[in-house]
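Here is the structure we will look at, set down as structure tokens.
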Amino acid sequence: MILILLGPPGAGKGTQAKLLASELRVPHISTGDMFRDHKARGTELGKTVDAIMASGGLVPDDVTNAMVKDRLARPDVGGGFILDGYPRTAAQAAYLDQLLVAMGRKLDRAVSYEIAQELLVDRMSGRRSCPKCGAVYHVTANPPRQAGTCDREGTPLVQRDDDKAETVARRLTEYEAKTAPLKRYYSEQGSLSEVPGTGTPDQVLATALRVLGRTR
Ligand code: ADP
Ligand code: ADP
């Protein structure tokens, strides 16, 4: 199954992508995670995107598209994949369409997580992650067993630079201006499904699986 996950920053795309990936046994491809990995490894790409990400802006389409093209050339996508945080602009969506045609593949669904804007700021400001394994927590909604420490690794959790208040506002504006219009694009293709992003992660997953015609 080939899925795109849409939704504003903080909607729960990453959380849902991990759950769906394990349910559907397909890889989870997060462009945000890939850029953060480049930053952490200090690659040229990491250096290019560092200031853009810190400002809450979007990485240029050509850079992002090239990275996704390389990722989709790997053999593990044969049984399908979940794109989390890509596409984010009309140009990326058009590029992906053309890439899928070239691969002889077809998008199954674009799932859009719907959530009131007021809740997003709390979700982003409370988000903490493990720098070692990438596990994502929330200080109140999904806390680790021991405050500030990863359950799996025992590593101190960190806050993403771009989850700080100044940057969050810019990311939300970027989403409204550039990414929200993609809902119409996929709706016109007949592939959009809207899923409420509220409730527990498991409830959100159950709704998405129902929409996708999967039962657990
Ligand atoms: P996104 O990838 O869309 O930015 P995340 O999956 O990283 O969103 O979730 C943002 C924050 O909200 C994280 O701290 C996460 O633990 C928390 N979160 C995710 N899903 C839910 C949910 N259903 N209810 C409450 N908090 C959630
Ligand atoms: P969130 O899960 O909160 O929506 P992501 O982890 O997906 O955030 O993205 C973090 C940052 O990485 C974005 O604010 C942007 O700077 C960059 N980024 C991620 N995906 C894309 C994309 N498809 N196009 C452009 N920039 C991207």
Side-chain angles (χ1 to χ4, degrees), residues 4-21 28-40 45-46 48-69 71 82-96 111-116 119-130 134-144 150-151 157-164 166-180 182 195-208:
I4 290 171
L5 306 191
L6 293 172
K13 300 180 297 298
T15 302
Q16 292 300 316
K18 288 192 182 88
L19 296 171
L20 283 167
H28 165 203
I29 301 177
S30 157
T31 43
D33 285 350
M34 291 166 80
F35 287 135
R36 280 185 288 278
D37 180 58
H38 276 280
K39 266 175 45 175
L45 177 58
T48 307
V49 302
D50 193 1
I52 300 170
M53 288 175 78
S55 74
L58 293 182
V59 175
D61 290 330
D62 55 343
V63 175
T64 308
N65 288 337
M67 182 177 75
V68 170
K69 181 178 188 222
R71 178 63 186 86
I82 298 173
L83 287 169
D84 159 15
Y86 179 93
R88 252 177 159 100
T89 64
Q92 292 180 14
Y95 183 84
L96 176 64
V111 178
S112 173
Y113 294 100
E114 302 297 314
I115 179 165
L119 298 176
L120 295 174
V121 175
D122 171 69
R123 286 213 181 164
M124 281 186 269
S125 61
R127 172 161 50 192
R128 300 289 183 274
S129 53
C130 174
V136 175
Y137 300 86
H138 187 278
V139 288
T140 52
N142 176 29
C150 180
D151 290 346
L157 299 178
V158 296
Q159 182 175 28
R160 271 168 50 179
D161 280 344
D162 61 347
D163 275 343
K164 293 177 183 157
E166 321 78 81
T167 324
V168 160
R170 165 101 195 269
R171 288 163 62 210
L172 289 171
T173 314
E174 289 281 89
Y175 171 78
E176 287 304 331
K178 298 178 181 158
T179 311
L182 295 187
V195 167
T198 43
T200 64
D202 200 58
Q203 286 167 336
V204 178
L205 173 69
T207 309

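All values below were derived from every heavy atom in this structure, side-chain atoms included, with hydrogens, water molecules and symmetry-related copies excluded. What you see is a predicted model, and the numbers here were worked out from it, not measured in a lab. One-based numbering, in listed order, for ligands and for the atoms of each.
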Please work out which of [options] has its closest non-hydrogen atom nearest to [atom].
{"atom": "atom 8 (O) of ligand 1", "options": "Gly12, Ala135, Pro196, Pro8", "value": "Gly12"}
{"atom": "atom 21 (C) of ligand 2", "options": "Gln92, Arg123, Arg88", "value": "Arg88"}
{"atom": "atom 12 (O) of ligand 2", "options": "Met67, Met34, Met53", "value": "Met53"}

With atoms numbered from 1 as shown, which atoms in ligand 1 lie under 4.0 angstrom from a non-hydrogen atom of [X]?
{"X": "Val136", "answer": "7 (O), 13 (C)"}
{"X": "Ala141", "answer": "25 (C), 26 (N)"}
{"X": "Thr15", "answer": "5 (P), 6 (O), 9 (O), 15 (C), 19 (C)"}
{"X": "Lys13", "answer": "1 (P), 2 (O), 3 (O), 4 (O), 6 (O), 8 (O)"}
{"X": "Thr200", "answer": "23 (N)"}
{"X": "His138", "answer": "14 (O), 16 (O)"}
{"X": "Gly14", "answer": "1 (P), 2 (O), 6 (O)"}

Minimum heavy-atom separation for [X] to [Y], with atom names?
{"X": "Tyr137", "Y": "Asp151", "result": "OH-N, 3.0 Å"}
{"X": "Arg123", "Y": "Gly10", "result": "CD-O, 3.1 Å"}
{"X": "Val136", "Y": "Lys18", "result": "CG2-NZ, 3.9 Å"}

Restricting to salt bridge (charged side-chain N to carboxylate O under 4.0 Å, His left out), what partner residues turn up for Asp33, sequence neighbours left out? Arg36
Indicate yes or no: does an N/O atom of [X] lie under 3.5 Å from an N/O atom of ligand 2?
{"X": "Gly85", "result": "yes"}
{"X": "Asp33", "result": "no"}
{"X": "Val59", "result": "yes"}
{"X": "Thr31", "result": "yes"}
{"X": "Arg171", "result": "yes"}
{"X": "Ile52", "result": "no"}
{"X": "Ser30", "result": "no"}

Heavy-atom distances under 4.0 Å are what count here, so tell me which part of Tyr113 touches ligand 1: side chain, backbone, both or neither. neither
So is Ser129 touching ligand 1 or not, going by heavy atoms under 4.0 Å? no
Is ligand 1 less than 4.0 angstrom away from at least one heavy atom of Ala11?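 Under 4.0 Å: yes for Ala11.
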Is it the case that over 12 heavy atoms from other parts of the model lie below 6.0 angstrom from the NZ atom of Lys164? yes
Distance only, no hydrogens: is a donor on one side chain within 3.5 Å (strictly under) of an acceptor on the other, for Asn65 and Tyr86?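 Yes, side-chain donor-acceptor contact under 3.5 Å.
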In the structure I gave you, are the side-chain heavy atoms of Gln203 and Thr198 within less than 4.5 Å of one another anywhere?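 When only atoms from C-beta onward are counted, Thr198 and Gln203 do not touch, as no gap falls below 4.5 Å.
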Decide yes or no for Leu172 and Val121: does some side-chain heavy atom of the first lie under 4.5 Å from some side-chain heavy atom of the second? yes
Residue and atom name of the nearest protein heavy atom (relative to [atom]), distance in Å to one decimal:
{"atom": "atom 23 (N) of ligand 1", "answer": "Gly199 O, 2.9 Å"}
{"atom": "atom 14 (O) of ligand 1", "answer": "Tyr137 O, 2.7 Å"}
{"atom": "atom 7 (O) of ligand 1", "answer": "Arg127 NH1, 2.6 Å"}
{"atom": "atom 16 (O) of ligand 2", "answer": "Gly57 O, 2.6 Å"}

Treating [X] as the side-chain partner and [Y] as the backbone partner, does any N or O pair qualify as donor plus acceptor under 3.5 Å?
{"X": "His138", "Y": "Asp122", "result": "yes"}
{"X": "Tyr95", "Y": "Lys69", "result": "no"}
{"X": "Gln92", "Y": "Arg88", "result": "yes"}

Between [X] and ligand 2, find which residue part has any heavy-atom pair under 4.0 Å and reply side chain, backbone, both or neither.
{"X": "Leu58", "result": "both"}
{"X": "Arg160", "result": "side chain"}
{"X": "Glu174", "result": "neither"}

Taking Asp84 first and then Lys13, would you say they form a salt bridge - that is, a charged N and a carboxylate O separated by under 4.0 Å? no
Who are the side-chain contact (heavy atoms from CB on, under 4.5 Å) partners of Arg171, not counting sequence neighbours? Pro9, Met124, Arg127, Arg160, Asp162, Asp163, Thr167, Val168
Please round to the nearest 0.5 Å and tell me the distance separating atom CE of Met34 and atom CE of Met67.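 Answer rounded to 0.5 Å: 4.5 Å.
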